[in-house]
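Lettering follows sequence order; numbering is per chain, from 1.
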There are 2 protein chains.
Amino acid sequence: VIGAKCSRCGADSSADVVLSVCSKCGGALLFGYDFVGISSVVPKSALEGRKDSFWKFVELLPVGSAEDIVSLGEAYTPVLEFSDARFTGGKSVFVKDDGRLPTGTFKARGLSVAVSRLRELGVRHVAVPSAGNAAGAVAAYAARAGLRASVFMPRDVPTANLKECVFLGADVYLVDGLIGDAAGIVKRLKDAVGWFDLSTSKQPYRFEGYKAISFELAEQFGWDLPENIVFPTGGGEGIVGLWKGFHELMELGWIKRVPRLVMVQSSGCAPLVKAFNYGQSEVKELWSHAETVAAGLRVPMPYASYLVLRALRETDGLAVAVDDVDIIVAMRAFFKGGVYACPEAAATLAAYRRLLDDRVLDADERSLLYVTGTALKYFDVMDINRTRIPVLRKDAASLSDVVA
Amino acid sequence: VIGAKCSRCGADSSADVVLSVCSKCGGALLFGYDFVGISSVVPKSALEGRKDSFWKFVELLPVGSAEDIVSLGEAYTPVLEFSDARFTGGKSVFVKDDGRLPTGTFKARGLSVAVSRLRELGVRHVAVPSAGNAAGAVAAYAARAGLRASVFMPRDVPTANLKECVFLGADVYLVDGLIGDAAGIVKRLKDAVGWFDLSTSKQPYRFEGYKAISFELAEQFGWDLPENIVFPTGGGEGIVGLWKGFHELMELGWIKRVPRLVMVQSSGCAPLVKAFNYGQSEVKELWSHAETVAAGLRVPMPYASYLVLRALRETDGLAVAVDDVDIIVAMRAFFKGGVYACPEAAATLAAYRRLLDDRVLDADERSLLYVTGTALKYFDVMDINRTRIPVLRKDAASLSDVVA
């Protein structure tokens, strides 16, 4: 790492101190690296020989020493190919399943990096506003690292997120509002309590974990990435991370072409999709009455939205909002292929189908649907009709031998 | 594969046909391999270069062609080291987290192998009696493979297991009894319905997936396995698989020493522990009033128990039963380390602590606690006290600024 630069005003910061947003303009900071130096020391062939975890790219991540890594076992997550008509109308599509990471979501990537570096820099207490999954990841990595964590979530957060944070030993607070209100509380109390604010896009560390998705994917696809990557988006850190990763891979000369990013939101809360499709440079107003089954997408006013929109435009990207009813249908389709996709992730399939129908995407191109988390955290709100499941007598002699 | 042999009477069977139990004595069948041939074709150094999945050992698994593998992405699961006093009183212990496999449990291993081979042999419909997690894995791999699956579970099975089977598209039946009653139904209706009976130990395929745990662990530990492997046990297939794997690794000359297996059951259902500690060669009577929070351990009369007990004795093993209350405490301890361990898995920590206290195990030896599945499937029965979680006003100016 050679330093950090503001993505808005271009001001430079040292990477050796604890960083939040740009001290001049409040913009999001991004780390820069010495790519010429790195590619001479670690050619990509050397990396391929290391253990399959995004931490294999440690020279391209902002930790000072590999010994300071806080890990819960971030193995490469699988890429599966599906040729089932339920997915694609006949052509094949790729699915990457990040439900297999620690805490069951892709948030593990950003928080493994952030907690590692912050502990290395001497931070002892972190706080995060979250729609749910980031809070779980903060709580888990803080538990592993021996840091104190305070998490702030909307009071109607999915039960699994609330429970995991309690079990993991975090200081848990609910907020009578949405994630933006929680973010306000974390910001207001920062100096009084003395915690580090781990909010989305308000520090440069989490981006780096999502950046490493690009590296992982590039290796998994033999350094020739799929034409389209379909990614669900709440705060937008994943999109920014992927875009940053593509650029770094180009700088390193490890890939020859940048994929198109397809950002997906729920039509119940789609501020980034709206701003993108209206040609705006940032989200200017809070999305009112934000409501969707995909709790992670309920971010009515993302911080540093200008950066998310820039990332999307620079990859010749697309932005789509899908209805909750289509998200539910897509969850079922994923299950029928053996994949436990959370609603946020299922939104990618709903969007992909629409884009194929509308002939915006071509089924002959390689497309990857990014499953950001496991459906298991949503089981309490996914009902089944118990009355339709037969209860057999213990000595049943046929499948209709049910108890009265 | 050079054939299958009965573990009781020694009769040989061909591996080229669909196999269940020994046609002569009903014993469990085990596959045999040409180890001399295999080790000359694929030295372990060649295997190390393959992608980290237990399928890298395909020459030592009973599929005819690698193209027939039914996979949902069975990456190596992480081994984490914990030196926290909450775990060990100061010394370190290893934890392997199989909650990260497809369907969230180690059952994915056995069922990935079994469904692959059975589909290769032309089977179109599989059935399984299960305490829960095996049913989920059968449903998932059958969905991926395009097979029909019928699953039979006790009517008080954990809700998550019931839901996943429904979502995955299996034919789901509850049984007014326990897993043994479900097994009876699958057996009785086998010929009438025409399904293949995938019951624990009643076919040689599932063992092979658990066998591969030994290979995976051996590579992860540099071919020098930990002295003790602590494993929770319901039907016992995992223990048999591990033991078989150790033997094969010795035959191949890839390891020099076999670890001790420590089998853990719940004191609410501990037929194997009882038989082992009474010096019996098999479980002779059904454990009555089987009841435990660890649903997967509720197997009152395991099939082929003689083989589980033999496997344990041949590794100079141990058998321990722990109380549910200690299981719950151990779940909390795992969470405080960032690991989501299901009750079955948490039982290993409860047992390990007891064996250290009793000076049966030595903390200076390397011990590995096997986390067989994720706690996420148990969240609906893991309560928190919501009244103790503060709900802050959205404009809160302090952490005591709660809503009325």
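- A pairwise comparison of heavy atoms in B/Ala75 and A/Arg100 identifies N-NH2, 4.3 Å as the closest pair.
- The most heavy-atom pairs under 4.5 Å with chain A, out of B/Arg393, B/Met331, B/Glu164, come from B/Glu164.
- Both the backbone and the side chain of A/Tyr173 have a heavy atom closer than 4.5 Å to some heavy atom of chain B.
- A distance of 7.5 Å separates CD1 of B/Ile389 from CE of A/Met153, quoted to the nearest 0.5 Å.
- In terms of heavy-atom pairs under 4.5 angstrom with chain A, the leader among B/Gly169, B/Pro154, B/Ala140, B/Pro102 is B/Pro102.
- Nearest heavy-atom pair, A/Pro390 versus B/Val172, reported as atom, atom and distance to 0.1 Å: CD-O, 3.5 Å.
- Highest contact tally toward chain B, considering only A/Lys51, A/Arg188, A/Glu74, A/Arg155, is held by A/Arg188 [criterion: heavy-atom pairs under 4.5 Å].
- Minimum heavy-atom separation, A/Gly338 to B/Ala143: N-CB, 4.2 Å.
- Of the atoms belonging to B/Leu72, heavy atoms from both backbone and side chain fall under 4.5 Å from chain A.
- Ranked by non-hydrogen atom pairs under 4.5 Å with chain A, the options B/Ala160, B/Ala192, B/Gly184 are led by B/Ala160.
- Smallest separation of non-hydrogen atoms from B/Pro78 and A/Gly73: CB-CA, 3.6 Å.
- For B/Gln220, no part lies near chain A; criterion is any non-hydrogen pair under 4.5 Å.
- Heavy-atom pairs under 4.5 Å with chain A peak, among B/Val403, B/Leu101, B/Asp52, B/Asp97, at B/Leu101.
- Proximity to chain B is absent for every atom of A/Glu48, based on heavy atoms less than 4.5 angstrom apart.
- Rounded to the nearest 0.5 angstrom, B/Thr374 OG1 and A/Lys377 NZ are separated by 9.0 Å.
- Rounding to the nearest 0.5 angstrom, the gap separating the CG atom in B/Asp176 from the NZ atom in A/Lys394 is 7.0 Å.
- The contact between A/Ala397 and chain B is made entirely by backbone atoms, counting heavy-atom distances below 4.5 Å.
- With a 6.0 Å radius and a threshold of 12 heavy atoms from other residues, nucleotides or ligands, B/Glu67 has its CD atom at or below the threshold.
- Of the residues considered (A/Asp395, A/Asp401, A/Thr159), A/Asp395 shows the highest number of contacts with chain B, using heavy-atom pairs under 4.5 Å.
- Ranked by non-hydrogen atom pairs under 4.5 Å with chain A, the options B/Val175, B/Val166, B/Leu168 are led by B/Leu168.
- Ring planes of A/Phe335 and B/Phe167: tilted class, angle from 30 to 60°.
- Remark: A/Phe379 CZ to B/Asp380 CG distance equals 10.5 Å, nearest 0.5 Å.
- No other option in B/Ile384, B/Leu392, B/Leu80, B/Asp181 has as many heavy-atom pairs under 4.5 Å with chain A as B/Leu392.
- A/Leu174 contributes atom CG, which lies 6.5 Å from atom CZ of B/Arg386 (distance to the nearest 0.5 angstrom).
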Item to check | Trace of the side chain to side chain contact (heavy atoms under 4.5 Å, CB included) decision for B/Leu399 with A/Phe152 | outcome: CA-CA 11 Å; B/Leu399 291 176; A/Phe152 297 79; 3.7 Å; yes
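- Distance check, rounded to the nearest 0.5 Å: NZ of A/Lys163 to CG of B/Asp383 gives 5.0 Å.
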